[in-house]
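The first residue in the sequence is number 1, and the count goes up from there. Just so you know, ligand 1 is whichever comes first in the structure, and atom 1 is the first atom listed for that ligand.
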Amino acid sequence: MTSDPRTDELASNLEGVRQRVRAAALAADRDPDEVALIVVTKFFPAEDVARLVDLGVTDVGENRHQEASGKAAECAARDVRPRWHFIGGIQSNKAAAVAEYADVVESVDRAKVLRGLVNGVERAERDPLDVLIQVSLDPPDADHRFGVAPDGLAELASIAAESPHVRLRGLMAVAPNGEDPSVAFTRLADIRGEFLGANPDADILSAGMSGDLEQAIAHGATHVRVGSAILGSRPPLG
Ligand SMILES: *Cc1c(COP(=O)(O)O)cnc(C)c1O
C-alpha cells in the first residue's frame, strides 16, 4: 500500500490483469512471458502514466494524436519514459508528427500513412520506427473503416520493406463489435499464419483488450492492449 489511493487502485487492477494474462497463457500451453502488456492510457492524465511506470509498466498505448503528443511531452519533461504505442486511426497529414514521439505505431492501414511515418522519421532524424499493420477482421463486404483488408497486407509489407526508416514488426487487430471474439481471432490466426510465411521476422501479434484478452492469447497474441480493466471506465466521448 502507498499513501496515494489512485496508485493503490492501479496496482491492484494491474495485478488482476497480469494474473488473467498468466492464466490465459498457461491455459493455451504458452509461456506467460511471451505475452506483453500494453496499458492503454487514453483519456487519463500523464500523472497516471507516471504512477503506472512506477508500478513497473513499460509500454503504454494512446489512440488520439493531440492527446498522445501532449501526454508524451508532459511525461518526458518529468523524465517518465515508457514506450509509446500509437494504436488509433491516423490522418495521413498527421503521420509525420506521430513519428516524432511514438516508439511503435500499431495502426498502419494504408500506404499514405506509412509514407507519412517514413517522412516523419527522416525529418526527426530518429532511429527507425517499429510499425504494425492493422488488419481488419470485418466481413469482406464491409467498408474497412479501420484496418486494411487481409488482401492488402502484402502491398503494405512491401512498401515498409523499401524503407530503412520503418521496421515492420507484425500485425494488430481488433475483434469486430458484436462478433464472438474467439471466432474473429481464429480468422486472425489464419491471416497471421499466411503473413508470417512471407514476413517471418514480423512476429508480433497485438490483439486482445479488457474484454477479450483471454481469447486473443488463445489464438496467438504476443501483445494485449488493456485500458479500462486497469484505469477504470473512460468518460463518455463528448
Ligand atoms: C481503447 C483501445 C483499447 C483498450 O480497450 P479497453 O477495452 O479499455 O481495454 C485497445 N485497443 C485499441 C485500438 C483501443 O482503441
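Remark: minimum distance from atom 10 (C) of ligand 1 to any protein heavy atom is reached at M209 SD, 3.2 Å. Among protein heavy atoms, atom 11 (N) of ligand 1 sits closest to R225 NE, 2.9 Å. Looking from atom 14 (C) of ligand 1 to the surrounding protein, the closest heavy atom is K42 NZ, 3.0 Å. For atom 9 (O) of ligand 1, the nearest non-hydrogen atom of the protein is S210 OG, 2.5 Å.
For R126, the CZ atom sits in a packed shell: over 12 heavy atoms of surrounding residues, nucleotides or ligands are nearer than 6.0 Å. In the displayed structure, D29 atom CG is contacted under 6.0 Å by at most 12 heavy atoms of other residues, nucleotides or ligands. For E155, the CD atom sits in a loose shell: 12 or fewer heavy atoms of surrounding residues, nucleotides or ligands are nearer than 6.0 Å.
Side-chain contact annotation: T222 with E34, donor-acceptor N/O pair under 3.5 Å absent.
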Salt bridge (charged side-chain N to carboxylate O under 4.0 Å, His left out) between D48 and R51, intermediate numbers included: CA-CA 5 Å; D48 277 345; R51 290 182 173 103; 2.9 Å; yes
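H85 and H223 have tilted rings, their planes meeting at an angle from 30° to 60° on a 0 to 90° scale.
Proximity to V226 (heavy-atom distance under 4.0 Å) selects the following atoms of ligand 1: 9 (O). Numbered from 1 in the order shown, with element, the atoms of ligand 1 that lie under 4.0 Å from a heavy atom of I87 read 11 (N), 12 (C), 13 (C), 14 (C).
The closest approach between E106 and ligand 1 stays at or above 4.0 Å for every heavy atom of the residue.
Ligand 1 has a nitrogen or oxygen under 3.5 angstrom from a nitrogen or oxygen of G227.
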